[in-house]
Protein chains: 2
Amino acid sequence: MSLRHAALGLLADGPASGYDLLKTFDRSLAFIWPATQSQLYGELNRLADDGLIEVSNEGPRGRKDYSITEQGRAELERWITDVEPDRIRRNEALLRVFFLGTVGPAHAKAYLEREATVHEDLEALLQTVERDTDWDTSDFNRYGHLVIESGRRYAHGQAQWAHWAATQVDNLETTEAPAQTR
Amino acid sequence: MSLRHAALGLLADGPASGYDLLKTFDRSLAFIWPATQSQLYGELNRLADDGLIEVSNEGPRGRKDYSITEQGRAELERWITDVEPDRIRRNEALLRVFFLGTVGPAHAKAYLEREATVHEDLEALLQTVERDTDWDTSDFNRYGHLVIESGRRYAHGQAQWAHWAATQVDNLETTEAPAQTR
DNA sequence: ATGATCATGTAAACTGTTACATGATTGT
DNA sequence: ACAATCATGTAACAGTTTACATGATCAT
């Protein structure tokens, strides 16, 4: 139920409509917690039903600005300080690495070098974002900057790892056990 | 649909039952692609229906050993070499960092130091696994070793980041804009 | 007037989690 | 005999994605 708290967290920084939040999601939370329009609108209605946010303004085209309530603020704080984060991490790109033995050394190396490139590109992108953003405009942005830095380091580390892993492939394949038992 | 290919990939290394695969999941893929018993048994039946695996042996207690078929091997290779991996990464612990401005500097620092500890513990665990495992027994293990190394580096990097981020909190909070507009 | 953008919603399909259910076999 | 483990399956629920649907308002 993290989307719920993500929306709550964004509204803690100031009132916004679903449409606004969606853009914020795409700009800032997208790499950490993507959300679709469909999902977000549904969650906002549920949050409002539960009294954690409320419609503070209605605008043209059916626009609804939501504000966080006291109850919502309390719930957000509780979530951050008292609830142990879910540590589940799914990574499809790494999952494939387990199975690189089935495609042969050339494909395996190509796969790993591609991973290196992808992460180098990501690092470059995050560096640009880091440089071109004014981080000192809100708590959300100030702390968001820390998250971007985490991502940058991650991308850098993965790229380095992938290059290294590619050099290991020949080792792995020549060390291969004499007869495959299957 | 990665669970499907994860199961296929494990069976590429040799025949196994759902029960066996579940143990392998828990031991090796758990941190990258966790699966529940319920999910796995269902997927195996679907894979068999689609001809990507087949029941190669039936044992006591209704045990069914599955083997990968030629068609299954082809699909696995196609997936690894031709299908661009899904890059979606969800990370609840990092999501919370965006919202640390709402809980005050003391809680924020405590949160980040706890993240550091969690990742140091993870690094230590992976180091132990790395040391105590005989990696040279199958392609799956050899390439799995590369994944463990990736995880170890990740854990190390995240721990370092978290310590650094904790030192930044006071900076962020003192730089705070004069009057919060809300 | 009309195309772009703003703005929200619903339905179906799919994926993943939790809980329940059942029973066979093995080791002590 | 009985506890532990082996072994598979189903059902209900929660979360996510994709596609469809609708219409208002704004700028040119």
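Hydrogens, waters and symmetry mates are skipped; everything else that's a heavy atom, side chains included, is used. In what follows, chains carry the letters A, B, and so on, assigned in the order in which the sequence lines appear, proteins first and then strands, with residues in each chain numbered from 1.
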Quiz item: Base, sugar-phosphate alone, or nothing: which one does B:Ile88 contact when heavy atoms must sit under 4.0 Å apart?
Solution: sugar-phosphate
Self-check item: Upstream residue (5' side of DNA chain D) when A:Pro60 and A:Leu3 are each assigned their closest nucleotide
Solution: A:Leu3
Self-check item: Presence of salt bridge, A:Arg90 and B:Asp86, under 4.0 angstrom
Solution: no
Practice problem: Extract, from 5' to 3' on DNA chain D, the first and final nucleotides lying under 4.0 angstrom from some heavy atom of chain A. | Solution: D:dG15 to D:dC26
Quiz item: Should the pair A:Glu115-B:Arg87 be classified as a salt bridge under the 4.0 Å nitrogen-to-oxygen rule?
Solution: yes
Quiz item: Strictly by modelled atom types, are A:Gln160 and A:His119 linked by a side-chain donor-acceptor pair under 3.5 Å?
Solution: no
Quiz item: Among residues 33-50 of chain B, which residues get a heavy atom nearer than 4.0 Å to DNA chain D?
Solution: B:Gln37, B:Ser38, B:Tyr41, B:Asn45
Quiz item: Would you call B:Arg46-B:Asp49 a salt bridge at under 4.0 Å N-O?
Solution: no
Exercise. For B:Asp20 and for A:Ser2, find the nucleotide of DNA chain D with the closest heavy atom, then tell me which residue's nucleotide is more 5'.
Key: B:Asp20
Self-check item: Within 45° cone and under 6.0 Å: A:Arg153 NZ/CZ vs B:Trp164 ring
Solution: yes
Quiz item: Any salt bridge between A:Glu173 and A:Lys109, counting N to O under 4.0 Å?
Solution: no
Quiz item: Do A:His156 and A:Gln127 have a side chain donor and acceptor closer than 3.5 Å?
Solution: no
Quiz item: Is a salt bridge present between B:Arg73 and B:Glu77, judged by a nitrogen-to-oxygen distance below 4.0 Å?
Solution: no
Quiz item: Aromatic rings A:Phe99 and B:Phe140: how do their planes relate, parallel, tilted or perpendicular, breaks at 30° and 60°?
Solution: parallel
Quiz item: Are the side chains of B:Trp33 and A:Leu94 in touch, meaning some heavy atoms are under 4.5 Å apart?
Solution: no
Practice problem: Using atom CG of B:Asp86 as one end and atom C1' of C:dC14 as the other, report the distance to the nearest whole Å. | Solution: 14 Å
Quiz item: So which of residues 90-99 of chain A are in contact with DNA chain D, with a heavy-atom cut-off of under 4.0 Å?
Solution: none
